[in-house]
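Take a look at the structure below.
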Amino acid sequence: MRRGLVVALLAAPLIISCKPSRASSPPGDEPEEIERSTSPGVTLDAVPDGLRDKWKALVAAREDDRSAPAVTEAADALLADEPPALLRAGALEAKAEGAYLRGEDADAIALADEALGLLDGLESAGEEVPEALQVAIHRALGLALVRSGDPFRAVEVLDRLDGWKGLERELSRGARAVALDRKGDREGALVAFVGWRELLADDSPDAAYAEARVSALARGLERARIEALVERAPGPDAADCLRAALGVDPGDQAPAWVARCRPLPTRIGILLPRSGKLAALADQQFAAASAAVAVLGKERPVSVLWRDSGSSTTTTKAAADAIIADGAEVIIGPVGVGNVRAAVQVGGQARFLIPGEGLASARGVAASLEQRALALVGEVAKTHARAAVFVPDNGYGKRVRKALESSAMQASVTLSFVSYSPGEKSFGKLMGGVSGELEKGSALVIADALPRTELIVRQMRRAGMRVAGGRVDSEGPEVLVASMGEGLSPDAVSTKHDSLDGVILAPAAAPDASSRAFEDQYLAQQGELPDDQALLVWRALSAAWSGASGTLEPEAELVRVQGGRVVALQAP
């Protein structure tokens with residue numbers, strides 16, 4: 001039965017199989033089989049008549065068991081008669097390989113070096129040296145160096161062997177991975193280990209070892225460095241493994257070992273305000289976290305740590321210190337730009353995942369306000385040349401307006417902005433100023449929360465117009481209406497708010513197929529379905545649980561209010 005290569009390389013003196021596993025070789029790319037002669041490069045007619053019996057005894061001993069002491073005894077008997085240099089080198093090669101296979105690496109290296117010295121002398125004298133003997137000697141030397149000799153020299157010898165194709169592909173990759181690892185070349189070793197794992201059978205001890213080294217070497221390596229290594233991967237599965245080490249989902253078609261390359265945290269921290277001025281959503285956030293953990297915990301066990309971040313930078317720093325000391329690898333939260341900056345100062349930006357848009361260099365699970373606004377108007381621009389954009393006169397509205405005015409969107413759709421006070425409740429006058437445009441075919445974009453969106457839409461309906469895509473209850477002109485959809489919840493778009501029917505939204509979060517189990521759990525625990533803020537907590541925990549928090553790149557999503565709920569927007 002074939003034993004693990006890495007055991008032979010690093011620990012017990014086991015015989016290494018000459019045939020690589022084909023278990024995971026790419027179709028049409030089968031590894032070549034390398035025949036290993038018991039007398040490489042030395043033919044019987046090159047052996048003097050008086051030494052032929054001893055040479056035959058050495059060959060027979062190797063055919064029986066290449067690692068047996070009998071091989072050494074036969075080689076020594078031949079060497080005692082002071083054979084020619086080529087025959088002497090062949091006997092030394094046999095002893096070197098036997099020493100390596102018995103775990104006597106220092107002897108193997110010394111014997112191989114002695115044999116190579118003889119070959120160098122023959123070449124200096126102008127005599128031809130058989131390549132097969134060169135390969136055999138370097139093979140024993142290289143593998144012994146990999147296991148316990150100079151790893152720098154081991155890599156040089158492996159390079160020569162690769163030039164000769166002197167090692168089976170699986171053995172070559174495994175040996176190089178071990179040598180680079182011992183050499184301290186972390187990036188080179190990572191590439192070599194994923195390349196080796198690509199060839200290994202799933203149930204082999206080598207596969208388990210390679211996966212363990214991939215995990216250890218990738219952990220803590222800078223993202224940019226791993227991204228650069230993808231180009232050096234020897235095969236598609238190896239490349240997918242490196243991407244997975246960054247948190248990228250390799251997909252359902254990838255081998256199971258590739259999926260295991262994703263870093264999976266064992267301790268996830270939740271750092272959200274339970275006290276202070278930012279605690280208004282504390283109960284909801286806690287409820288969302290509780291429901292999310294109940295769902296995700298069925299996938300795999302993870303320790304979940306909770307700390308109250310409070311509502312100030314001082315309390316946030318203290319909580320971040322404490323939760324990091326508790327061992328949190330990924331931390332959900334905190335809330336507020338200043339508090340995020342404070343937390344990042346303590347633990348670094350890579351550790352934090354914001355249940356909202358990214359802040360202060362920390363990743364978020366929601367697309368930015370600017371991304372959402374551009375996606376919304378981009379959808380409008382598919383069918384309309386003009387749009388009236390209602391924006392509140394506050395920081396939120398100014399961000400939206402700046403994003404739209406500074407983008408190339410203006411080339412495809414003409415935008416006219418209408419500003420109003422953030423506390424505005426009556427939009428009759430403002431609607432009167434744009435109703436002519438809307439009746440002539442302009443779209444209406446509302447950069448605000450759903451309650452104010454509803455007020456504006458009702459005013460539009462009073463002016464005799466109706467929402468495109470909504471229920472038809474009048475004969476007035478049809479207007480495409482799009483809103484940012486802040487505050488999206490099942491209640492906010494229920495049938496009692498039927499004025500919103502047909503409105504396109506670009507919310508921070510909306511329910512989808514991936515959130516169904518969470519919605520059911522939240523409903524069971526809270527007696528109501530989750531809103532956008534609860535869904536953001538779910539998305540953050542889900543990303544952390546799956547190992548995707550470090551590479552999450554959220555995109556704006558568009559939905560339409562339809563029949564008291566939201567549905568994914570279908571492209572026209």
Side-chain angles (χ1 to χ4, degrees), residues 268-293 304-326 328 330-349 351-370 372 391-400 421-425 447-453 484-489 491-492 507-509 522 526 528 530-541 544:
I268 296 174
I270 300 176
L271 190 65
L272 295 171
R274 297 282 288 166
S275 59
K277 62 183 181 180
L278 296 177
L281 295 175
D283 290 342
Q284 182 187 41
Q285 289 169 340
F286 184 82
S290 176
V293 169
V304 179
L305 314 171
W306 182 285
R307 289 279 179 171
D308 176 14
S309 66
S311 299
S312 70
T313 57
T314 301
T315 57
T316 296
K317 280 186 177 181
D321 268 325
I323 207 166
I324 291 170
D326 289 340
V330 180
I331 301 171
I332 310 303
V335 173
V337 178
N339 295 332
V340 172
R341 288 199 182 101
V344 166
Q345 288 175 3
V346 172
Q349 67 188 56
R351 193 186 300 264
F352 293 91
L353 184 61
I354 310 303
E357 68 174 310
L359 297 172
S361 74
R363 288 181 179 274
V365 296
S368 71
L369 177 60
E370 288 78 4
R372 291 160 52 208
V391 290
D393 188 14
N394 56 14
Y396 177 97
K398 290 174 182 176
R399 280 182 63 185
V400 171
S421 167
E424 185 66 60
K425 294 182 179 180
D448 212 330
L450 280 174
R452 205 173 315 277
T453 296
M484 296 299 290
E486 309 296 354
L488 175 63
S489 70
D491 180 69
Y522 191 92
Q526 302 300 313
E528 61 183 6
D531 64 6
D532 55 356
Q533 298 305 306
L535 287 168
L536 289 172
V537 173
W538 153 254
R539 289 187 180 183
L541 276 166

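The chain is numbered in sequence order, starting from 1. Predicted model only: the values in this text are computed from it and were never measured.
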Q: Verify, without hydrogens or angle tests, whether T315 (side chain) and S309 (backbone) share a donor-acceptor contact under 3.5 angstrom.
A: yes
Q. Of all heavy-atom pairs between A319 and L271, which one has the smallest distance, and what is that distance?
A. CB-CD1, 3.3 Å
**Q.** Atom of P355, atom of P334 and distance for their closest heavy-atom approach
**A.** CD-O, 4.5 Å
Q) Do any N or O atoms from the side chain of R452 and from the backbone of P422 form a donor-acceptor pair under 3.5 angstrom? A) yes
Q | Verdict with reasoning, I324 to I331, per side chain to side chain contact (heavy atoms under 4.5 Å, CB included) | A | CA-CA 9 Å; I324 291 170; I331 301 171; 3.8 Å; yes
Q.
To the nearest 0.5 Å, what is the distance between CG on L450 and CG on L488?
A. 6.0 Å
Q.
Around atom CZ of F286, are there more than 12 heavy atoms from other residues, nucleotides or ligands closer than 6.0 Å?
A. no
Q | Nearest non-hydrogen partners of Y522 and A534, listed with the distance | A | CE1-CB, 4.1 Å
Q | Check: D531 main-chain N/O paired with S489 side-chain donor or acceptor under 3.5 Å | A | no
Q: Determine, stepwise, if the pair L278 / N339 fulfils side chain to side chain contact (heavy atoms under 4.5 Å, CB included).
A: CA-CA 11 Å; L278 296 177; N339 295 332; 3.3 Å; yes
Q: Please round to the nearest 0.5 Å and tell me the distance separating atom CD1 of I270 and atom CG of L353.
A: 11.5 Å
Q: Please report the C-alpha distance between F352 and V340 in whole Å, then the side-chain angles of each, then the deciding distance to 0.1 Å, and finally whether the side chain to side chain contact (heavy atoms under 4.5 Å, CB included) criterion is met.
A: CA-CA 9 Å; F352 293 91; V340 172; 5.9 Å; no
Q | Distance-minimising heavy-atom pair for D308 and S275 | A | OD2-OG, 2.7 Å
Q) How long is the span from the CG atom in D326 to the CG atom in D321, to the nearest 0.5 Å? A) 11.0 Å
Q) What pair of heavy atoms forms the shortest contact from A508 to A366, and how long is it? A) O-CB, 3.7 Å
Q) Judged by atom type as modelled, is there a donor-acceptor pair below 3.5 Å linking the side chain of R372 to the main-chain atoms of M484? A) yes
Q: Walk me through it: do I268 and V293 pass the test side chain to side chain contact (heavy atoms under 4.5 Å, CB included)?
A: CA-CA 10 Å; I268 296 174; V293 169; over 6 Å; no
Q.
As an exercise, state the distance from CZ of R274 to CZ of R307, rounded to the nearest 0.5 Å.
A. 14.0 Å
Q: Find the distance between CZ (R399) and CD (E370) and round it off to the nearest 0.5 Å.
A: 4.0 Å
Q) Between the side chain of R351 and the main-chain N/O of A328, is any donor-acceptor distance below 3.5 Å? A) yes
Q: Please examine the side chains of V365 and E357, heavy atoms only from C-beta on, and report whether any two atoms are closer than 4.5 Å.
A: no
Q. Can you name the closest pair of heavy atoms from A509 and L536 and give their distance?
A. CB-CD2, 3.7 Å
Q) Between atom CZ of R341 and atom NZ of K317, what is the distance when rounded to the nearest 0.5 Å? A) 12.5 Å
Q.
Are the side chains of E486 and L369 in contact, using a 4.5 Å heavy-atom criterion?
A. yes
Q | pair D491-E528: side-chain heavy atoms closer than 4.5 Å | A | no
